[in-house]
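This report refers to the structure that appears directly beneath it.
Owing to the predicted nature of the structure, the values given are computational and were not obtained by experimental measurement.
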Amino acid sequence: MIGEIPGVAAGQSYNSRRLAHEAGVHRPLQAGICGTKATGAESIVVSGGYKDDEDYGDVIIYTGHGGRDSAGNQVSDQSLDDSGNAALVTSYLRGLPVRVIRGSQGGSPFAPSSGYRYDGLYRVASYASKLGIDGFLIWQFRMEAYEETPTPKITKAGVLFAEPTDSAKHEPVAASGTEQPERVTSTVQRIVRSSAIADTVKAWHQDQCQTCGICIEVPGGFYSEGAHIQALGRPHNGPDRTDNMLCLCPNCHVMLDAGAIVLSDDLIVSKNGQPVGPLRTHPKHKVNIECVRRHRERWRQ
């Protein structure tokens, strides 16, 4: 089952993996990722199994499956062909929610003191590869809590959960949709991107995609998107400046974010590993090569 389990609210504790399995929150008794490439990921367990994991509460940098020995050391490269990793990629591509369960073994300030705890729905915001602490290639997935997910907060009394918004208490909306979707007010922490930066870059290039050259005309004008080369969010922390942004069409923007497009230091564009030509440039638009390298590093294979 993708999404919420009926009758199970975020913050529900389980003394063992067996009990979480019986509740349907996380079905495997050992694997940290439940799901397949065809269906997407149902759930993940964050329990300190991988040294490269990072837990910020509402954001989790989750290391994919594979390549470890019995002592927990990474001894070989990970692959996206692994069923668990492939499931998380499918969740990213289809925008599917993933249930997150934290275990007490995680070494995180947000982990429960014992057993396991269901912590609500997260989305796969992005994924990338890098050399891990042990020197082997790993895949990492940036998991972000949905706005209606009551993420854990650290207090003097321990880890507590904020009260979920009203939208979290409703039954899921039927696939047929609704004539008048409900609107709720919520407060979330997010990166404030400068629209002026994107507008400047798009104006320099007159809305022409810098990688494929397409210029999309729509009624009333032209459409393009400002795409950050080095992503802004943790753990990438790229700058929100014109030298870290490209003017792209929607297709090329998605491919850049998903690693299908990378740039060399001399700004040659490669798509799916094949060079296709130079990046279109403008005299006023300088591209930060360090940001290009950071982006390329994410997709090291």
(request) Evaluate the criterion side-chain contact (heavy atoms from CB on, under 4.5 Å) for residue pair E297 and R293; output intermediate values, then yes/no. (result) CA-CA 6 Å; E297 184 71 17; R293 291 171 180 168; over 6 Å; no
Establish whether [X] and [Y] are linked, either directly or via other cluster members, by ILVMFWY side-chain heavy-atom contacts under 4.5 Å.
X    : Y    : result
V89  : V124 : yes
V276 : V254 : no
Y146 : I101 : yes
L137 : V75  : no
L256 : V287 : yes

Given side chains that start at C-beta, do those of [X] and [Y] come closer than 4.5 Å, heavy atoms only?
X    : Y    : result
Y62  : L88  : yes
C212 : K271 : yes
Q78  : T63  : yes
S43  : I33  : no
L267 : V292 : yes
Y116 : D119 : no
Q206 : C215 : no
T242 : V201 : yes

How long is the span from the [atom1] atom in [X] to the [atom2] atom in [Y], to the nearest 0.5 Å?
X    : Y    : atom1 : atom2 : answer
T200 : M245 : OG1   : CE    : 9.5 Å
N237 : R294 : CG    : CZ    : 9.0 Å
L80  : S129 : CG    : OG    : 8.0 Å
L248 : K202 : CG    : NZ    : 11.0 Å
E217 : Y223 : CD    : OH    : 15.5 Å
I61  : D53  : CD1   : CG    : 9.5 Å

Of all the heavy-atom pairs spanning [X] and [Y], show the shortest one and how long it is.
X    : Y    : answer
P239 : H228 : O-CD2, 3.9 Å
A111 : S104 : CB-CA, 4.4 Å
L96  : I2   : CB-CG2, 4.3 Å
R280 : C209 : CD-O, 3.5 Å
T281 : H205 : C-CE1, 3.9 Å
P112 : G115 : CG-O, 3.8 Å

(message) Quick one, R102 with D55, criterion salt bridge (Lys or Arg N to Asp or Glu O under 4.0 Å). Give me CA distance, side-chain angles, the key distance, then yes/no.
(response) CA-CA 10 Å; R102 283 183 172 90; D55 191 352; 2.8 Å; yes
(message) Under the criterion side chain to side chain donor-acceptor pair (under 3.5 Å), I'd like the reasoning laid out for H295 against Q230: C-alpha separation, chi angles, the key distance, then a yes or no.
(response) CA-CA 5 Å; H295 174 266; Q230 179 184 351; over 6 Å; no
Note: [X]-[Y] ion pair, threshold 4.0 Å (strictly below):
X    : Y    : value
D265 : R296 : yes
D134 : R68  : no
R99  : E42  : yes

(request) Using the test salt bridge (charged side-chain N to carboxylate O under 4.0 Å, His left out), find all partners of E144 that sit at least two apart in sequence or belong to another chain. (result) R123, R142
(request) Please test I60 against V46 for side-chain contact (heavy atoms from CB on, under 4.5 Å), starting from the C-alpha separation and ending with a verdict. (result) CA-CA 9 Å; I60 300 168; V46 182; 4.2 Å; yes
(request) Pick out which of V262, I289, N288, N244 makes a side-chain contact (heavy atoms from CB on, under 4.5 Å) with I229. (result) N244
(message) With side-chain contact (heavy atoms from CB on, under 4.5 Å) as the test, pick out the partner of S91 among V98, I44, T39.
(response) V98
(request) Give a yes or no answer on whether the side chain of Q140 reaches the backbone of D52 with a donor-acceptor pair at less than 3.5 Å. (result) yes
(message) Using modelled atom types and a 3.5 Å cut-off, is there a donor and acceptor pairing between side-chain atoms of Q210 and backbone atoms of C247?
(response) yes
(request) Please report the C-alpha distance between H65 and N85 in whole Å, then the side-chain angles of each, then the deciding distance to 0.1 Å, and finally whether the side chain to side chain donor-acceptor pair (under 3.5 Å) criterion is met. (result) CA-CA 6 Å; H65 177 266; N85 299 338; 5.6 Å; no
(request) Could you please spell out the steps behind the side chain to side chain donor-acceptor pair (under 3.5 Å) verdict for Y56 and E54? (result) CA-CA 7 Å; Y56 303 101; E54 302 174 49; 2.3 Å; yes
(message) With a 6.0 Å cut-off on the ring centroids, do H21 and H26 count as close?
(response) no
(request) Please find out if less than 6.0 Å separates the ring center of Y127 from that of Y92. (result) yes
(request) List the steps and the verdict of side-chain contact (heavy atoms from CB on, under 4.5 Å) for I138 and K130. (result) CA-CA 6 Å; I138 60 173; K130 74 170 191 178; 4.0 Å; yes
(request) Mind running side-chain contact (heavy atoms from CB on, under 4.5 Å) on R17 and L19 for me, showing each step along the way? (result) CA-CA 5 Å; R17 283 281 290 263; L19 292 176; over 6 Å; no
